[in-house]
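Below is one structure; the comments refer to it alone.
These values consider heavy atoms only, across backbone and side chains, with no hydrogens, waters or symmetry-generated copies. Residue numbers start from 1 in every chain, and the chains themselves are labelled A, B, ... in the order their sequence lines are given, proteins ahead of strands.
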Amino acid sequence: MKIRSIPFKQNSNCLRCGKNSLLTDEDTREQFCANCGYVISEKVDESGPEQSSFSTQGGVDTTRTGSPISLTRHDKGLSTVINPANRDATGKPLSSSMKSTITRLRTWDSRSQSQTTADRNLRQALNELDRLKGKLTISSSVLEKAAYIYRKALDKKLVRGRSISAMIASSLYAACRDAETPRTLKDVADAANVKRKEIARCYRLLHRELELKMPVVDSIQCIARISSKLKVTEKTKRYAAKILKETQKRQESSGKNPMGLAAAALYFSCVINGVSITQRDLAKAANVTEVTIRNRFKALKEAKILEIDF
DNA sequence: TAAGATAAGAGGGACAT
DNA sequence: ATGTCAGTCTTATCTTA
C-alpha cells in the first residue's frame with residue numbers, strides 16, 4: 001500500500017482531549033496526540049477514492065478516515081505495528097524495564113500478525129485472489145465473500161495438503177455462485193491456471209465442510225451471459241427464457257449443464273423466430289460443445305415444449 | 001459447410017460390498 | 001476403502017443435406 005504524505009497540521013488540537021499537543025510520526029505520517037495518544041491521521045490508500053464523509057455545513061469534511069476495512073487484506077486493512085524506536089510518544093527514551101516489556105510485546109505482536117503459517121498462507125491466497133480479480137471481472141462484494149470463504153476454510157484446516165491457488169479459486173467460484181453471478185468452473189480454471197476438476201473437487205469440499213447454501217445456477221441467467229457474446233435480439237432472448245421456464249417447471253432441467261441448456265434454448269428460439277445462427281458460434285459463446293447443444297436441443301424437441309402457446 | 005449421428009472415454013454421485 | 005452402475009458431457013470421426 002502506498003502511503004500518501006499528509007500535510008502537517010500545526011497548532012491543531014486533539015479531537016479527543018482538546019489539548020494542543022499533536023505530533024506527526026515521521027515514518028508513517030500519522031498524527032497523534034502526545035497527551036492522550038489519540039491517532040488522528042490514518043494511512044490513506046492512494047489508489048482508491050477518498051473515503052471522506054460529508055460535514056453538516058455542506059462542505060466536504062476533510063477528516064481522514066483511512067482505507068475501508070476489507071476482508072481481502074490479510075489483516076483486514078487494520079495493520080498497526082509497534083514503533084521499533086524505543087521512545088515514548090513525546091520522543092523521550094524508554095526506561096530499561098519498559099524497553100524490555102515493549103520488546104516482548106513487539107515479538108508477540110509480529111507473531112500474531114504474520115508469522116503464523118495460516119497467515120502467510122492467507123497472504124499468498126489473497127495475492128492470488130487479486131490476480132484473478134482482473135481476469136474475471138469480479139465485483140468487490142464477491143471478492144469479499146471469496147475472501148471470507150477462504151478464511152473459513154483456513155480455520156477448518158481444509159487448505160492443508162491442497163494447493164492454495166486451487167482453494168482460493170474454488171472460494172471465488174463459490175462466492176460467484178452465491179452472488180448469483182456465476183462463472184463456470186472452466187472460466188475460473190482458465191484464469192487460475194488450475195485444472196477444472198481440481199477446482200471442482202475443492203469446491204465440493206468447501207460446499208460440504210462449510211455447509212454453504214448455494215442457489216442452483218439458473219439457466220435463464222445464462223442466457224444473458226451467452227447472448228452478450230453474440231448479437232441476439234431481445235425477442236429471441238425472451239422466447240428462450242420462456243422455453244427454459246417451461247422446462248424448469250417440468251423438471252426436465254435438473255442435472256443438466258445450465259450453460260448447455262441455455263444455449264439449446266437460444267438455438268431453439270432462433271430457429272423458431274427464423275434467425276439464422278450456427279451451433280458452432282453458440283457453442284463457443286456458451287463454452288460447451290456443439291454435441292451438447294444438439295443433445296439438449298433434441299430433448300427440448302422431444303419434450304414438445306413447442307406446443308405450448310406462449 | 002452446417003448439422004446430425006455415433007462411439008469412446010473422463011469424472012463424479014449413489015449405492016453396495 | 002473399493003467397485004459397480006446410470007447418467008452427463010466432451011472429443012473425435014463419419015455421414016447427410
Whole angstroms only, please: what is the CZ-P distance between A:Arg208 and B:dG12?
12 Å

What is the nucleic acid contact for A:Arg196, judged by heavy atoms within less than 4.0 Å: base, sugar-phosphate only, or nothing?
nothing

Rounded to whole angstroms, how far apart are CG on A:Asn257 and P on B:dG12?
15 Å

side-chain hydrogen bond (donor to acceptor under 3.5 Å, both in side chains) for A:Asn295 and A:Thr292? Distances and angles first, verdict last.
CA-CA 5 Å; A:Asn295 289 339; A:Thr292 301; 5.6 Å; no

State whether A:Arg204 places a side-chain N or O below 4.0 Å from either non-bridging phosphate oxygen (OP1 or OP2) of B:dG13.
yes

Looking at A:Lys298, does any N or O in its side chain come under 4.0 Å of the phosphate oxygens OP1/OP2 on B:dG4?
no

The single option from A:Thr236, A:Val232, A:Thr233 passing side-chain contact (heavy atoms from CB on, under 4.5 Å) against A:Ser227
A:Val232

Once you round it to whole Å, what is the distance between C1' of B:dA2 and NZ of A:Lys284?
14 Å

Salt-bridged, A:Asp190 to A:Lys186, with N to O below 4.0 Å?
yes

Check the distance between C:dC9's C1' and A:Glu290's CD and give it to me in whole angstrom.
14 Å

One thing to verify: whether A:Asp130 and A:Lys133 come together as a salt bridge, which I'm taking to mean a side-chain N less than 4.0 angstrom from a carboxylate O.
yes

Side-chain ion pair, A:Glu246 and A:Lys242, N-O less than 4.0 Å:
no

Just call it for A:Leu261: base, sugar-phosphate, or nothing, with non-hydrogen atoms closer than 4.0 Å on any strand.
nothing

Report the distance from atom CZ of A:Phe297 to atom P of B:dG4, rounded to the nearest whole Å.
6 Å

Side chain of A:Arg201 only, heavy atoms from C-beta on: which candidate in B:dG12, C:dT11, C:dC9 is closest?
B:dG12

d(CZ, A:Phe268; C1', B:dA3) in whole Å
16 Å

Return no unless some side-chain N or O of A:Arg294 is found under 4.0 Å from OP1 or OP2 of B:dA2.
no

How do A:Glu198 and A:Tyr267 order along DNA chain B: which one's closest nucleotide is nearer the 5' end?
A:Tyr267

Taking 4.0 Å as the cut-off, does a side-chain nitrogen or oxygen of A:Arg280 come that near to OP1 or OP2 on B:dA2?
yes

Tell me: NZ of A:Lys197 to C1' of B:dG13, nearest whole Å?
16 Å

Find which nucleotide of DNA chain B each of A:Thr278 and A:Asn295 is nearest to by heavy atoms, and output the residue with the more 5' nucleotide.
A:Thr278

Rounded to whole Å, NZ of A:Lys186 lies from P of B:dA10 at a distance of 19 Å

